[in-house]
Structures are given as C-alpha cells and as structure tokens.
Amino acid sequence: MDNVFEVLNERGFIKQTTNAEQIARLLGEEQITYYVGFDPTASSLHVGSLVPIMAMAHLQRAGHKPIAIIGGGTTMIGDPTDKTEMRPMLSLEQISTNGKGILAQLQRYLNLSDDGISNNEKSQIASKAGRFLNNADWLLSVNYIEFLRDIGKHFRVNEMIQAKGYQQRLDRELGLSFLEFNYQLLQAYDYLCLFQEYGCRLQLGGDDQWGNILAGVDLVRRVEGERVHAVTFPLLTTASGAKMGKTAGGAVWLDAERTSPYEFYQYWINVDDRDVSRFLAYFTFLPMGEIQRLGNLQDEAIREAKEILAYEATKLAHGKTEADKAQAASHAAFGGGNLDEAAMPTSAIASERLDSGIPIMELFHEVGLANSRSEARRLVQQGGAYINEKQYRAIDMVVGADLLEENALLLRAGKKRYHRIIIKKD
RNA sequence: GGGGGCAUGCUAGAGCGGUCAAAUAGGGCAGACUGUAAAUCUGUUGGCUAUGCCUACGGUGGUUCGAAUCCAUCUGCCCCCA
C-alpha cells in the first residue's frame, strides 16, 4: 500500500512540513496519533474546513489515530493570526454547544468517539476511534504562575514577534493586546499536552497556522526532548480568487439545516471549471487515476466531472440517500423531466388563499425567493420570475388556483433557485 | 496623563447647508450569450398600501425655512507624545 504521506502529497494536501522524509517514515512504520484544531466560533463547519477533515480521514484510513480539538480555551482569547481585528470572544456554553454540532459533522468523515467532550474516556484508549477534545479542558485550569515558569520560559519574545500575524499587527501599529499575544503559547501548550497525554506526534493545520504549530513543535522538543512534526495545508481559494465556500447566500455549511444537501450539491456543480480536478483530489476519495481522467475532460464534457465531484462530496457530507436525492433533483431541474418534489424546498399554503388569488410579488416574497416585496417586484420586472416554467413579467399579476399543476406550483427565481408550493391539506 | 483624527448603504470609499436614497468601485441580483462554467455586455441593487410616501449617513439634543453636511454632548475606533 502507498504511504499515506504520498497519498496526501499527491492530492495536494501538503504545503509545508517540518521534515517530509521523517514524517513519511513515521507514517509508514508506526501507528501514530495526530491532531487538528477546529474553530468553534460557529455551530457548524463549512466547506472551508473540508481540507483538514479529508486529510484526517485519509490518515485514519491508513490506520492512524486522529484527535480533533476545538479551541474552546483559545477561542476565548481570539486568534490574532492574519486578522486585522480581534475575534469576538465566545462564552463557554456557546463554545460547548458549537462543539457538539461540529463533532456530529466530523463523525461523518471520521471515526471519532464522542466521549471526549464530556471528558470521560477510558474505553477508547485502545480503540481505533479518534478523540474529540476541547482545549478548554486543560487550558482553563492553568495556573498563571506555573504557566509562566514552565511554559513561558521557553519562548523568546524576539522570535515570537517575527511571526507574520504578529508582525503585521505591530507594523501597522494596530493594537495587539497582550491577551492575543499569548495565543501562540496556548496553542503550543496544546501540542505539548496532547503529546504528553496521548503521544500525539503530528499536528496538521492551515498554512496560516504554521507559526503557531511550529511553536508547539519547539515546545515539545524543549520540554520533552522529543521530535514531533507538523504539516500544513495550502489555503484554498477558488480559481476566481474568492475564498472557498462562499456563495451568494453566505458560507456553504456542512450542516443540512443551514445548507440543504441540494444546495450543497449545487455548490459543487457550480464550481469554476479550473477548480474541478483540484477539488476532486481534495474532496473525494476517488483514485488519482480517475481524477486525472476527469480532469482532462474539456468544455461541456467537464460537467461529468462536476457531477461526480458534487455527488461524491454530497455523499460524504450527507450520506448516499441525500446525495441521490440531490442528484435526482438537479437532473430534474436542469435536465428536463419531472421535478423531484422531495428535494425541492417546499411550502404549503391554504387552498382558500389561492382561490382568492395571491399577488405574484407577495408569493415570491413569502416563500423566500425574494427578501422583500421590492426585491420581488424587481425580479418580476426583470423577467426572473417563473411559475411552472412560464415567465411572468406583470407586477400586478395575481396567482390563482387556475395555475395549479397537479395541485402544486413550481416557482423559480432566476435560473437556479426553485421553490415548490403545495396545497395545505387539512 | 497630554494632544489630534475618524465614524456614511453588503464592503471599500466620495459627499459646496438645499437639486442626496446619497458619486465611484467591488460584491449581489436579473437579463442576453452559454455548458447549471468562465469571460463579456445590459439593467438593477433601503422599504412600502409606489409616478408618491416612509426610514436612513454612530447615539442624543440644538442652530436653520431646510442638515450626511454647522454646533454641543455621549459612545466607539485610531494616531502622536508621555
């Protein structure tokens, strides 16, 4: 079997490493424990987090043991890295709630025990499952004097301010609070704790975290005299330069409540041509040979590759059933044929309302295809409003029961946004 | 502790006291072209019971026939000196 390091490298996951050769050997010869930190500022991860998640999944498949930590403790401080302003601080409860949501999503990709969050894990020591931890568990009980004495002494301020994130803040003479300045120590301390507790020897993270991760590597060496490693992922942007995972409606979340499987699927279908093969390598488990074949498709044929990308990515995030539904709905909506009712956003209205007629603006606004009546008005005026695939441009149009087809109305705003209306049964 | 500056729409960023729902750019939306892609072109982009009305330019008061534009004060952010 290929060394998992090679697999990751081939798929583009690796940007910087402490020592590629040593890491490859380590991964090839031993079962190791590795960790990645996640940001608990929201209750859901979005597609931007998929790179680390997929990397973790590859490693776990190769027999290594993952630890996912959420920075409950560090988030209470705010990470200054590449931020021009401080992050908002969150309460402990908020972080813990968010953590639960995040864990549920990670479990789709990884075999993770959920004991970690409640901090009682005896059974999992020998098991294959990874852990999910909150660094608040060890950071909150830290004693300041002890921390300064045991950890602080290993850090040189001269070196710390070399770090890009800090330097930027200093150069611009934007404020950098002492609180934020400590961030690196805390993150390094995480690595040390995980090494001591679980024998963790590899940390992965976004390339913007390189400095912080290295601080941890150094700390372990100084305190324990052991060599541990770090790998960073390239920061993904789309071909058009935008941040990964942003669309009109905001971020593309992994949570089905926030981004429906259908929307999720559509996100991948709509990616830029130039991103397709890269994304296949990152976000699916397809063999590289297959990915190369798909990546070579040109022009219209590339849609096949996008479909596979969308299907595989949706399957991983939401399961096969949902992926099938999303695919069917997409085919129906864009490939002709009957629209799949199940996968389309749907709402029910009372039949009396239709009998008396509903102004078209009101209808589009009500189902959420327009954020206000004025927006609905513009939509209609500009020719973006469709009912049952027929365009209506008159703003004084009143929708009545006569437009029903099979007891339903299919509203469409623009080319891609659909909403189905059915008659409420009572 | 002392001195100075800034706060405008999704973002950035203009804005002589009237003609400002507020230039311009980006973003968004819609249309054309297409392959549910990119690029390009066009329109649009506070709300509404809609050729008019209401709400908006950090908060509150004031000057004025009239304020985003002037004054006072409060809050927030930033800079310089210590």
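In what follows, chains are A, B, ... by sequence order, proteins preceding strands, each numbered from 1.
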Would you call the rings of Trp268(A) and Phe283(A) parallel, tilted or perpendicular, taking 30° and 60° as the class edges?
tilted
Applying the Watson-Crick and G-U wobble criteria at under 3.5 Å, what pairs with G43(B)? Answer none if nothing qualifies.
C29(B)
Whole angstrom value for the distance that separates P of A39(B) from CG of Asn270(A):
13 Å
For A21(B), the Watson-Crick or wobble partner whose two distances fall under 3.5 Å:
none
Separation between the P atoms of A7(B) and G13(B), rounded to whole Å
10 Å
In whole angstroms, how far is the P atom of U36(B) from the CD atom of Gln327(A)?
16 Å
Residues Arg353(A), Glu362(A): salt bridge by 4.0 Å N-O rule:
yes
Mind calculating the distance between CD1 (Ile302(A)) and P (U36(B)) to the nearest angstrom?
14 Å
What's Arg393(A) touching, base or sugar-phosphate or nothing? Going by heavy atoms closer than 4.0 Å.
nothing
Can any side-chain N or O of Asn3(A) pair as donor or acceptor with the backbone N or O of Ala24(A) at less than 3.5 Å?
yes
Students often get this wrong, so: under 4.0 angstrom with heavy atoms, is Gln266(A) touching a base, only sugar-phosphate, or nothing?
base
If you measure from the C1' atom in G18(B) to the same atom in A38(B), how many Å do you get, rounded?
47 Å
Side-chain donor or acceptor of Gln382(A) under 3.5 Å from a matching atom on the base of G31(B)?
no
Within less than 4.0 Å of OP1 or OP2 of C48(B), is there a side-chain N or O belonging to Arg377(A)?
no
Comparing nearest nucleotides in RNA chain B, the 5'-proximal residue of the pair Lys415(A), Ala385(A) is Ala385(A)
Contact class for Ile269(A) (heavy atom, under 4.0 Å): base, sugar-phosphate, or nothing?
base
How far does the C1' atom of U40(B) sit from the matching atom of A56(B), given to the nearest Å?
35 Å
Measure the shortest side-chain to side-chain distance between Val223(A) and Asp150(A) over non-hydrogen atoms and say whether it is less than 4.5 angstrom.
no
Looking at Arg417(A), does any N or O in its side chain come under 4.0 Å of the phosphate oxygens OP1/OP2 on U36(B)?
no
Using a 3.5 Å distance criterion without hydrogens, assess whether the side chain of Tyr189(A) forms a donor-acceptor pair with backbone atoms of Gly216(A).
no
Any idea which of A37(B), U36(B), A30(B) is nearest the Arg303(A) side chain?
U36(B)
Residue pair Glu322(A) / Thr314(A), side-chain donor-acceptor N/O under 3.5 Å
no
Contact class for Ala413(A) vs. all strands (heavy atom < 4.0 Å): base, sugar-phosphate, or nothing?
sugar-phosphate
Complementary nucleotide for G1(B) - Watson-Crick or wobble, under 3.5 Å:
C81(B)
Does Arg412(A) or Asp273(A) map to a spot on RNA chain B nearer the 5' end, using the closest nucleotide for each?
Arg412(A)
Measure from the side chain of Glu300(A), starting at C-beta and using heavy atoms only, and say which of U36(B), G35(B), U45(B) lies closest.
G35(B)
Have a look at Val271(A) and say if it touches a base, only the backbone sugar-phosphate, or nothing, with a 4.0 Å heavy-atom cut-off.
sugar-phosphate
Take atom P in C41(B) and the same atom in C71(B), then report the distance between them in whole Å.
44 Å
Could you tell me whether Ser374(A) contacts a base, only the sugar-phosphate backbone, or nothing, with contacts defined as non-hydrogen atoms closer than 4.0 Å?
base
Would you measure the distance from the P atom in U73(B) across to the matching atom in C6(B) and give it in whole Å?
16 Å
For Arg378(A) and U42(B), what is the distance between atoms CZ and P respectively, to the nearest whole Å?
20 Å
Paired with A72(B): which nucleotide, if any, by Watson-Crick or G-U wobble criteria at under 3.5 Å for both distances?
U60(B)
Which nucleotide, in any strand shown, forms a Watson-Crick or G-U wobble pair with C16(B), with both distances under 3.5 Å?
none
What is the base-pairing partner of G9(B), counting Watson-Crick and G-U wobble geometry with both distances under 3.5 Å?
none
Please measure how far the C1' atom in U24(B) lies from the corresponding atom in U8(B), and state the result in whole Å.
14 Å
Take atom C1' in G9(B) and the same atom in U63(B), then report the distance between them in whole Å.
28 Å
Between the side chains of Asp324(A) and Lys315(A), is the shortest nitrogen-to-carboxylate-oxygen separation below 4.0 Å, so that they form an ion pair?
no
Lys416(A) has its side chain closest, among A37(B), A30(B), U49(B), to A37(B)
Euclidean distance, atom CD of residue Gln381(A) to atom P of C29(B) [Å, nearest integer]
19 Å
Given atom CG of Leu379(A) and atom C1' of G28(B), what is their separation to the nearest angstrom?
13 Å
Whole Å only: how far is the CD atom of Glu389(A) from the P atom of U36(B)?
13 Å
Ser372(A) side chain: which of C48(B), G35(B), A30(B) is closest?
C48(B)
Is there a donor-acceptor contact under 3.5 Å from the side chain of Arg373(A) to the main chain of Met361(A)?
no
Considering only the P atoms, how many Å lie between U49(B) and U42(B), rounded to the nearest integer?
32 Å
Can you tell me how far P of U49(B) sits from CD1 of Ile395(A), to the nearest Å?
11 Å
